[in-house]
Amino acid sequence: MDSKWSQSDLEELKSRDALRGINNDISLSVYCTRLIGGDPHLVLHGGGNASVKTVQKDLFGNEVEVLCIKGSGWDMGEILPAGLPPVKLAPLRRLKSLESLSDEEMVSYVRSNLLDSASPTPSVETLSHAFLPHKFINHSHASAILSITNQPNGEDLCREIFGSTMGIVPYIMPGFGLAKNVSEVFEENPEVGGLILLNHGIFTFSDDAETSYRHMIDAISTVENRMGNGKKHVFVPATIPPTLQSLSSVAPIIRGVCISQDERLGKGTNASQNKLILEFRSSDQILEFVNGKEVDRYSQGGVATPDHVIRTKNWPLVLPFPEATGTGDFRKRTEQLTKEFQHRYNSYFQRQVDSRKLQKTKLDSTPRVVLVPGHGLFGIGRDRKEAMISADIAESFVQTITNAESIGEYKTLGEADVFDVEYWSLEQSKLSNASTQPLLGNVVAITGGGGTIGTAIANEFNKLGAQIALLDLNFPEEDHRFLQLECDVTEQASVKSAFETICEHYGGLDIVVSNAGAMHLGSMESVSDETLRESFEINFFAHQTVMQYAVEVMKLQNVGGNLLFNVSKQAVNPGVDAGPYGLPKAATLALMRQYALETGKYGIRANAVNADRIQSGLLTKEMISTRAQARGLDEAEYLAGNILGKEVTAEDVARAFTQLALSESTVANVTTVDGGNIAAALR
Ligand code: ZN
């Protein structure tokens, strides 16, 4: 591992900070923290921290010695001075004389010694930093270090590799006890450049920032050189079946099974319940890991460092190769193995609370990481962010075990130590508070997603917590909130490919809004067959193609779904010269009813929206102007030509779609969004 230290970057940061009155010590610590936090081999999602001891002025102008340490909620890779809140150092050090201190007492005491009471809560490892004398301290859960500490003879191996350059601290969970151990081990040999924390990570320190950083890099390089002597192929490969089911069909099966068995989500197949998002990862290293003959052994040893347990649970779910023959077998095995996983999790919980007489509320038993031989791994989360975090940690887990097995055998903590961290209130608080968004974890596909109405629909579903895929021929601008897929909905292959991408990206699909359309006008007595057929392609057949593929995915998931059609008032209330547009729309209304009738047995609901006079790409400003003139009205009067006498917007249409998605018992309904037009009212 190479040092990324750049004196010129540092000088730039220092001069910028100096202008804002930030002292050099803080700038140095911010720089160092970002270097370490920006490297996923060192730090993943909150698994590390850094500190600096410096002097700041209090309200009376007195200089106070403080410890500036990473506050919770800050990402090390993007830290700012505000992410290193100052705590008065002398009161922290006074704690060393105590025999014991509970976690709650510790957090309260540390908070009460903040210079600014509005600061984020300092790291739970604050006391370890305070009890060590050095000015700069870095801490990480580097994968390379865990590969050697997580061995049956981890301690001996560390001594052999590091000699007297590093101290070794036996495992104890973070808090007051660990801080005392850390300072005792340091005091036994004050020459060390850092400490290896068995089954946890590494501390490095110095009074010079760059030296502290270098101690970290050097320690990891030493371990990496040792691994380089290991075997090229670590795992004996299993026999891979000649043909495998595609990733895009495997993902919805796994997603559906996990959703249907998740005790938080309630039973039934309504679409408005929260669901789960899957994040797929693969690489040569992941494939070698999941395709190994003994994956059932080495993948079940437990998390590499205890704080990962809140993101990934202690073990991943391991599935068999999804053989192309016998789709049903893969689903059955997935259901059965998920049940076994949940049973194992619940037994672990019960065993711990019973044997230690603890009062704890059990967390859900849904797997967070799924290994799929032949393909790779999935991270699972209640939303995309959670799924990405699970997947990131799973990738690091694969790397740690691969390295560990290249020099020995991966072995980590017993379940009691893992349980203490998983059910530790201070760790639980790192997880985002349960969201109340009604469509959290739902995946929505919207055709015509680049247009005015499509964009409005995407925004409304996004507000309710859903993940969105937009399908269109092109997009006026990039929007990173959404998955934008170029797709021609009149081409079967293009639609198929878009739905495959959605499944690979999010794990499946819950709601489809078939919204793409095109205006074709002309009188029936003179319209060409060509125009009429062209209109039927986009305004009827495209809806059918989209829904066919959507239903295929929803059936694989087997947790219901929502088919939403954008029809038109033309379907029930024809306008002069609008026949080429209205006829296929009338057929699409019938298509919605047909789907409602035929897919209800799978819990898939079909509904439609009939909108009128919405200014959009379909009904352009010019068309509105022509129509208004023909009626002797101005444009605003034309747009407001309805019972309410007000203009109807794309947002009104969008809200009608979200309402239908949320109306769990509504099937084959047509919602009008036209400000009132009695001739278009359904009866
Ligand atoms: Zn730690």
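For this chain, numbers begin at 1 and follow the sequence in order. First listed ligand is number 1; within each ligand, the first listed atom is number 1.
- Electrostatic pairing of K275 and D262 does not count as a salt bridge here, judged by no charged N lying under 4.0 Å from a carboxylate O.
- Applying the salt bridge (Lys or Arg N to Asp or Glu O under 4.0 Å) test to E504 and every residue at least two apart in sequence or in another chain returns nothing.
- We find that R344 and E340 are not joined by a salt bridge, their nearest charged nitrogen and carboxylate oxygen being 4.0 Å or further apart.
- Distances under 2.8 Å from the Zn ion (ligand 1) pick out the protein N/O/S atoms E125 OE2, H139 NE2, H141 NE2, H200 NE2.
- In this structure, K293 forms no cation-pi arrangement with F235, as its terminal cationic atom is not both closer than 6.0 Å to the ring centre and no more than 45° off the ring axis.
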Result block: side-chain N/O donor-acceptor pairs under 3.5 angstrom for residues 186-196, not counting sequence neighbours:
| residue | atom | partner | partner atom | Å |
| --- | --- | --- | --- | --- |
| E187 | OE2 | K96 | NZ | 3.1 |
| N189 | OD1 | E191 | N | 3.3 |

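- In this view, E160 and R226 satisfy the salt bridge (Lys or Arg N to Asp or Glu O under 4.0 Å) rule, not counting sequence neighbours.
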